[in-house]
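These notes concern the structure reproduced below.
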Amino acid sequence: MTLAFSTLGCHGASLDHVLELAKGNDISGLELRAADDEFTHTGLTAAQRRELRTRIEDAGLEILAISSYVKLCAVEEQPLEAHLELAADLGARGVRVFPGDDDTSTVEGTADAPSAGEIRALDRVTSAPRDVHILLETHDSHSAGRKMAGFLTLLDNDVPGHSAKVIWDSAHTWSHGETPAESFELLKPWLEFVQIKESDSRQNYRPVAIGTGDFPIQDLLATLRGTDYPLSLEWELKWHPHLPPLEETLPAAQAWATSR
């Protein structure tokens, strides 16, 4: 399996540094965090976008996702189209979005009906450009594979030909009581790639250094055997500064993600 990483693990780093990390650790792809304090953001000019794309492609890397902080189900306006345009300009597979459904009321008033937030998301997906994917991460309101699969089934039924796919954050689904095999079967129809990270269920699923937690990496690798989904290390150093730096983590992650 090929390994990618998210620039969340080296927030604020230059493109030169990111490319050096990739080159030195046999990395095949990147998730580019999009924010004003990063080299990737929606304010880049056309020339800056061309240069960024060229440098990444020349390094032999694929951009798996532009990692936005768009919340697809949110009440507030969301800059989805600006991020989709950025992804298209950079040649990325798509834009990572969060479900972000804080509205648990249902339209029909029954437990299995779509929430008001999911209806808003349907409208956003319907009107969005379809040349790059909207990549929904198993996160926040839809961390469980079963919940995400329910929403994607709704999309399939109500928005035929939609561009939405799934980023499977395997630690999130595990923290919600699903085995890797269970989550994979639920998400497989829409799966684009798989995020990995070490975490510890004995510490409320806190992210920890590679090899010091109990995330079932062997079960995940066995589940994915024979597939070609990229694995991407989402090292949340920006939000969890107790973690070791990405420079130390990538070699360990390579060994961890290829162990048998």
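Side chains are part of it too, since the values below use all heavy atoms of this structure and drop only hydrogens, waters and symmetry mates.
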_Parallel, tilted or perpendicular: which one describes the rings of W256 and F215, with boundaries at 30° and 60°?_
tilted
_Does E51 have more than 12 heavy atoms from other residues, nucleotides or ligands lying within 6.0 Å of its CD?_
no
*With sequence neighbours left out, write down each residue that passes ring pair (Phe, Tyr, Trp, His ring centres under 6.0 Å) with F5, or none if nothing qualifies.*
none
_Please report the interatomic distance CG(L30) to OG(S6), rounded to the nearest 0.5 Å._
9.0 Å
*Measuring from L154:CG to D158:CG, what's the distance to the nearest 0.5 Å?*
4.5 Å
*asked:* Evaluate L15 against R55 for side chain to side chain contact (heavy atoms under 4.5 Å, CB included), listing each step before the verdict.
replied: CA-CA 9 Å; L15 175 60; R55 291 199 60 195; 3.6 Å; yes
*Side-chain donor or acceptor of H172 paired with backbone N/O of T138 under 3.5 Å*: yes
_side-chain hydrogen bond (donor to acceptor under 3.5 Å, both in side chains) between S183 and E178, intermediate numbers included_ = CA-CA 6 Å; S183 298; E178 295 174 358; 2.6 Å; yes
*asked:* Would you say the rings of W174 and Y205 are close, in the sense that their centroids are separated by under 6.0 Å?
replied: yes
*For atom CG of N157, decide whether the heavy atoms of other residues, nucleotides or ligands shown that lie under 6.0 angstrom number more than 12.*
yes
*In terms of hydrophobic clustering (I, L, V, M, F, W, Y; side-chain heavy atoms under 4.5 Å; direct or indirect links), are L231 and I27 co-clustered?*
yes
*asked:* Does V97 form a side chain to side chain contact (heavy atoms under 4.5 Å, CB included) with L135? I'd like the steps, not just the answer.
replied: CA-CA 6 Å; V97 302; L135 299 172; over 6 Å; no
*Under 4.5 Å between side-chain heavy atoms, hopping through other hydrophobics if needed: is there a path connecting L64 to L21?*
no
*Distance (rounded to the nearest 0.5 Å) between H83 NE2 and T40 OG1*: 10.0 Å
Contacts table for residues 66-77: side-chain donor-acceptor under 3.5 angstrom, sequence neighbours left out:
unit_1: S68; atom_1: OG; unit_2: V70; atom_2: N; d: 3.2
unit_1: S68; atom_1: OG; unit_2: R96; atom_2: O; d: 2.6
unit_1: Y69; atom_1: OH; unit_2: R33; atom_2: NE; d: 2.8

*Rounded to the nearest 0.5 Å, what separation is found between the CG atom of L80 and the CZ atom of R124?*
8.0 Å
*asked:* Please report the interatomic distance CG(L186) to OG1(T173), rounded to the nearest 0.5 Å.
replied: 9.0 Å
*Please determine which of I217, L250, T249 meets the side-chain contact (heavy atoms from CB on, under 4.5 Å) test together with I210.*
T249
*Might you work through the side chain to side chain contact (heavy atoms under 4.5 Å, CB included) test for F184 and T179, ending with a clear yes or no?*
CA-CA 9 Å; F184 179 64; T179 67; over 6 Å; no
*Applying side-chain hydrogen bond (donor to acceptor under 3.5 Å, both in side chains), run through H162 and D156 and close with a yes or a no.*
CA-CA 7 Å; H162 66 80; D156 287 349; 2.6 Å; yes
*Please check if atom CZ in R49 has more than 12 non-hydrogen atoms from other residues, nucleotides or ligands closer than 6.0 Å.*
yes
*Start with the C-alpha gap between L8 and E31, add the side-chain angles, then the distance that decides, and say whether side chain to side chain contact (heavy atoms under 4.5 Å, CB included) holds.*
CA-CA 8 Å; L8 180 63; E31 292 182 74; over 6 Å; no
*If you round to the nearest 0.5 Å, how far is OG of S115 from NE2 of H142?*
6.0 Å
*L84-L155 co-clustered via ILVMFWY side chain contacts under 4.5 Å*: yes
*Hey, are the side chains of P189 and K165 touching, using non-hydrogen atoms and a 4.5 Å cut-off?*
no
*Going only through I, L, V, M, F, W and Y residues with side-chain contacts under 4.5 Å, is there a path from L246 to L243?*
yes
*Just wondering, more than 12 heavy atoms not from D228 lying within 6.0 Å of its CG?*
no
*Give the cluster check for V208 versus W235: same hydrophobic cluster or not, with ILVMFWY residues linked at side-chain heavy-atom distances below 4.5 Å.*
no
*Kindly give the heavy-atom pair with the smallest separation between G12 and E38, and that separation in Å.*
N-OE1, 2.9 Å
*Taking only residues two or more places apart in sequence or in another chain, which ones pass side-chain hydrogen bond (donor to acceptor under 3.5 Å, both in side chains) with T45?*
Q48
